[in-house]
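Remember, it's 1-based here, ligands and their atoms both numbered in the order they're listed. Index from 1, following the sequence. Worth saying up front: this structure is predicted, and the values here are computed from it rather than measured. Hydrogens, waters and symmetry mates are skipped; everything else that's a heavy atom, side chains included, is used.
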Amino acid sequence: MKVSAAALLILTTAAAASSALAPLPPGPPSNPTTAEKVALGRALFFDPILSRDRTVSCASCHDPARAFTAPQAVSPGVQGRLGRRNAMTLVNVGDRRALTWAGASPNLEVQAMIPLQDHAELDMTPDLLRERLTADPVYAAQFRAAFGEAPTVQRLVQALAAFQRTLTSRGSPVDRYQAGDGAALSAAQVRGLDLFFDKAECFHCHTGRDFTDGLAHNNAMRVFNPDLGLADRTEQESDVGRFVTPTLRNVALTGPYLHDGSRATLRELLETYNDGGEPNPNADPLIHPLGLTDAELDDLEAFLHALTDESIARNPAFRPERP
Ligand code: HEC
Ligand code: HEC
């Protein structure tokens, strides 16, 4: 039981309350959450009105049925254009401090400007966004209700951020186990939990309530596209191939994996970790051969499946109001 006790310390106990009943998160002082902002942000998140050719919405790449990710390695934006990275989960995204795979955005308000304007995502301009939303009487009224003024891009990103802050989940079997329900995990999953927090060394980077330290590391995975990761911003050779540790909540639903979607299955990824990663000059020293047996890999994989909150896909508050 030694290791499970350590795990208990690392995972702060969080009530496994249904997200549908969760109170509104406060939001930052510059954009306090209100029910009106959330309602507006929710409508906009699912609406292709935010894309140049009115075919793509935020939800096209962030599908609630997949914990707000997409099935493709790289999901298409307008006109089928492809970016270079895998769409990230938005579950508990309000708790992240460095957004995107390279930690490029400090908060959700700043982040939303990227897909709105990216040529390979929604391909809009601030003027076009304001014109479209102002011309739509329902949205014009909703902006007035939420902000007391006509649509602007600043208010648009505030509403999208307010909605995204409500996408919270602490309802996985692992949460129930932490809260004292010993039957929430199978024996294999409990063994996998112990491996995760001990022999397999995963917890060094995948730590805290959401299994991420929020920092960029090089986890020694061969990269299949020219994406420098953190070095995109810092231009430091030693930052090449460093990416922000992703949350592992709902990871069974969010494949394919890694920043480029280059790993189809969890097993593939676990086997690479077990081999000590792939040769890489910037590899983190924590990545080394783990010596896990096939049975232990099975247990570790079973534990990762226990991080799925099945209620997310069913939560009516996470779906469009008018489907
Ligand atoms: C064409 C697919 C696509 C569309 C459309 C899209 N996204 Fe994303 N999203 C991505 C990808 C890919 C990433 C990772 C970007 C990176 O690392 O550079 C991402 C990352 C994010 C993140 C960062 C999450 C984290 O944990 O760091 C947020 C937040 C986000 N998107 C919100 C939105 C919102 C809001 C919209 C609509 C305005 C939107 N996205 C539209 C593909 C998309
Ligand atoms: C040195 C820090 C570090 C350690 C140790 C580590 N990881 Fe990771 N992990 C990362 C980073 C960084 C990424 C993202 C890399 C990328 O996208 O190229 C990642 C990605 C993943 C992903 C893919 C998630 C997704 O959404 O695509 C899974 C699953 C995962 N790790 C599980 C594990 C397991 C299980 C262990 C223990 C065997 C482990 N990790 C050990 C840092 C680490």
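- For S75, the heavy-atom gap to ligand 1 drops under 4.0 angstrom.
- From H288, atom NE2 reaches atom CG of N274 across 11.0 Å, with rounding to the nearest 0.5 Å.
- The nearest heavy-atom contact from the protein to atom 1 (C) of ligand 1 is C61 SG, 2.8 Å.
- The nearest protein atom to atom 27 (O) of ligand 2, hydrogens excluded, is given as L258 N, 2.8 Å; this is a heavy-atom distance.
- Within the 4.0 Å heavy-atom criterion, both parts of T100, backbone and side chain, lie near ligand 1.
- From the protein, the heavy atom lying nearest to atom 24 (C) of ligand 2 is P246 CG, 3.6 Å.
- Closest to atom 36 (C) of ligand 2 among all protein heavy atoms lies C202 SG, 2.8 Å.
- The shortest contact between atom 25 (C) of ligand 2 and any protein heavy atom is with Y257 CD2, 3.7 Å.
- The shortest N or O to N or O distance between R96 and ligand 1 is not under 3.5 Å.
- Using a 4.0 Å cut-off between a side-chain N of Lys or Arg and a carboxylate O of Asp or Glu, E121 and R81 do not qualify as a salt bridge.
- The distance criterion of under 3.5 Å between nitrogen or oxygen atoms is met by W101 with respect to ligand 1.
- The single protein non-hydrogen atom nearest to atom 23 (C) of ligand 2 is L269 CD2, 3.5 Å, given as residue, atom name and distance.
- Look at S51 and you'll find every heavy atom at least 4.0 Å from all atoms of ligand 1.
- Heavy-atom distances between P76 and ligand 1 reach below 4.0 Å in at least one pair.
- Looking from atom 39 (C) of ligand 2 to the surrounding protein, the closest heavy atom is Y273 CZ, 3.3 Å.
- Protein heavy atom closest to atom 2 (C) of ligand 2, with residue, atom name and distance, is C205 SG, 1.9 Å.
- By the 4.0 Å N-to-carboxylate-O rule, R132 lies too far from D47 to be salt-bridged with it.
- Among the atoms of H62, an N, O or S atom is found under 2.8 Å from atom 8 (Fe) of ligand 1.
- Protein heavy atom closest to atom 16 (C) of ligand 2, with residue, atom name and distance, is H259 ND1, 3.4 Å.
- Near R85, the atoms of ligand 1 lying under 4.0 angstrom from a non-hydrogen atom of the residue are 12 (C), 16 (C), 17 (O), 18 (O).
- Residue-to-ligand polar distances keep S57 apart from ligand 1: every N/O pair is separated by 3.5 Å or more.
- For the pair N86 and ligand 1, the shortest N or O to N or O distance does not fall below 3.5 Å.
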